[in-house]
Amino acid sequence: MFENLKKYHIVLASNSPRRRELLGGLGIEFDVKVLPNLDEHYPQSLPVTEVAQYIAVQKSEAYRGIMATNDLVITADTVVIADNEVMGKPVDAADAYRMLRKLSGRKHQVITGVCLTTNTVQRAFSVTTDVAFKQLSDDEIYYYIDHYHPFDKAGAYGIQEWIGYIGVTGLDGSYFNVMGLPVQRIYSELSHF
């Protein structure tokens, strides 16, 4: 598998242990390299469905000056969207509560943007998954925030954690995309790279 990738040194540009685990599940060799303080701002005029891909591309641009000739850098960004609001990572417990209260009892979208970059080629795409939550009680929300500290997760939740076990009632699309990396689409893109 992946004979076409043997000429590349694959670099995952992410601190996320979930992304490392998911990419590792594809059976490809890669290293992790993370630049500090990458800009994750986006134009406010950008449609919310394009934000994750825009940020993934912006992240990849930060690596261009330090890439070796055979590097293939994978950058990604995940956002949660409800009522046309882009939810990134919560800044504190109150923000996490606000996000989870907003997601409670309804559907929302999780969009992960991905950018595959070499010195000569760049491919960017995004994958969308619709997620439905049951009506969450305040006790459930506070329990989750207090015990799982979801401050590094878009929308203030990890589907693979307790809140996903008790709260997610439906899913249309990729489960792994909600975890932060649409591995099926990445597999497909890398197979044809």
Side-chain angles (χ1 to χ4, degrees), residues 1-2 10 12-28 30 40 42 46-60 73-90 96 98-117 122-136 140-141 144 148 150-193:
M1 296 299 297
F2 293 120
I10 298 176
L12 176 62
S14 176
N15 272 325
S16 167
R18 293 165 302 282
R19 287 190 179 129
R20 278 182 244 154
E21 176 189 347
L22 291 170
L23 188 60
L26 290 180
I28 59 175
F30 64 93
E40 295 190 7
Y42 56 89
L46 196 66
V48 293
T49 56
E50 296 176 17
V51 168
Q53 183 173 322
Y54 177 89
I55 294 172
V57 171
Q58 290 301 108
K59 288 178 179 179
S60 74
V73 177
I74 301 172
T75 55
D77 191 74
T78 301
V79 298
V80 170
I81 299 173
D83 288 339
N84 219 33
E85 176 190 348
V86 175
M87 296 181 187
K89 299 170 186 168
R98 179 192 66 79
M99 290 180 184
L100 290 169
R101 174 58 43 226
K102 186 169 193 167
L103 299 176
S104 175
R106 57 188 309 200
K107 289 183 179 178
H108 62 275
Q109 291 184 310
V110 178
I111 302 176
T112 300
V114 177
C115 190
L116 309 174
T117 305
Q122 185 174 69
R123 289 192 189 154
F125 56 90
S126 64
V127 174
T128 302
T129 303
D130 294 322
V131 181
F133 263 114
K134 76 173 191 114
Q135 190 69 44
L136 298 167
E140 289 166 334
I141 293 173
Y144 178 65
Y148 291 87
F151 307 115
D152 65 336
K153 296 171 179 69
Y157 79 93
I159 194 170
Q160 72 280 8
E161 295 176 339
W162 182 82
I163 199 88
Y165 298 162
I166 66 103
V168 173
T169 60
L171 189 76
D172 184 10
S174 168
Y175 172 84
F176 299 112
N177 185 56
V178 181
M179 282 182 67
L181 203 64
V183 286
Q184 189 283 326
R185 177 69 184 272
I186 289 174
Y187 173 82
S188 177
E189 294 287 341
L190 290 176
S191 295
H192 299 100
F193 205 82

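Evaluation of the salt bridge (charged side-chain N to carboxylate O under 4.0 Å, His left out) rule for Arg19 yields no partner, not counting sequence neighbours. Lys153 is linked by a salt bridge (charged side-chain N to carboxylate O under 4.0 Å, His left out) to Glu161, counting only residues two or more places apart in sequence or in another chain. Residues meeting the side-chain contact (heavy atoms from CB on, under 4.5 Å) test with Lys134, sequence neighbours left out: Leu136, Glu140, Ile166, Thr169. Residues passing the salt bridge (charged side-chain N to carboxylate O under 4.0 Å, His left out) test with Glu21: none are found, sequence neighbours excluded. Residues meeting the side-chain contact (heavy atoms from CB on, under 4.5 Å) test with Gln58, sequence neighbours left out: Tyr54. Checked against ring pair (Phe, Tyr, Trp, His ring centres under 6.0 Å), Phe133 has the following partners two or more places apart in sequence or in another chain: His108, Tyr157. Remark: Arg98 engages Glu85, Asp95 in a side-chain contact (heavy atoms from CB on, under 4.5 Å) (not counting sequence neighbours). Contacts of Phe151 classified as ring pair (Phe, Tyr, Trp, His ring centres under 6.0 Å), with partners at least two apart in sequence or in another chain: none. Val183 pairs by the side-chain contact (heavy atoms from CB on, under 4.5 Å) definition with Leu22, Leu26, Phe176, Leu181, not counting sequence neighbours. With sequence neighbours excluded, the residues forming a side-chain hydrogen bond (donor to acceptor under 3.5 Å, both in side chains) with Thr129 are Asn177, listed by chain and number.
Taking CD1 from Ile10 and CD1 from Ile28, the interatomic distance works out to 4.0 Å, rounded to the nearest 0.5 Å. Rounded to the nearest 0.5 angstrom, Asp77 CG and Ile111 CD1 are separated by 11.0 Å.
Sorted by first then second residue, the salt bridge (Lys or Arg N to Asp or Glu O under 4.0 Å) pairs that include residues 168-184, not counting sequence neighbours, number zero. For residues 175-185, every residue pair satisfying the salt bridge (Lys or Arg N to Asp or Glu O under 4.0 Å) rule, not counting sequence neighbours, is listed here: Arg185-Glu189.
Within the 4.5 Å cutoff, the side chain of Val131 has heavy atoms near those of the Val168 side chain. Counting heavy atoms from C-beta outward, Arg18 and Asp152 have side chains that approach closer than 4.5 Å. Residues Phe193 and Leu116 have side chains in contact (heavy-atom distance under 4.5 Å, counting atoms from C-beta outward). Between Leu171 and Ile159, the closest side-chain pair of non-hydrogen atoms falls below 4.5 Å. Looking only at side-chain heavy atoms (C-beta outward), Phe30 and Ile74 stay at 4.5 Å or farther from each other. With a 4.5 Å cut-off on side-chain heavy atoms, Tyr175 and Val110 do not count as touching.
For Ser104 (side chain) and Arg101 (main-chain N/O), no donor-acceptor pair under 3.5 Å exists by modelled atom type. Proximity of a side-chain donor or acceptor of Thr78 to a complementary backbone N or O of Thr112 within less than 3.5 Å is not detected.
Among Ile81, Leu103, Val79, the single residue meeting the side chain to side chain contact (heavy atoms under 4.5 Å, CB included) criterion with Met87 is Leu103.
For the residue pair Ser60 / Gln122, a side-chain donor-acceptor distance below 3.5 Å is found, with atom types taken as modelled.
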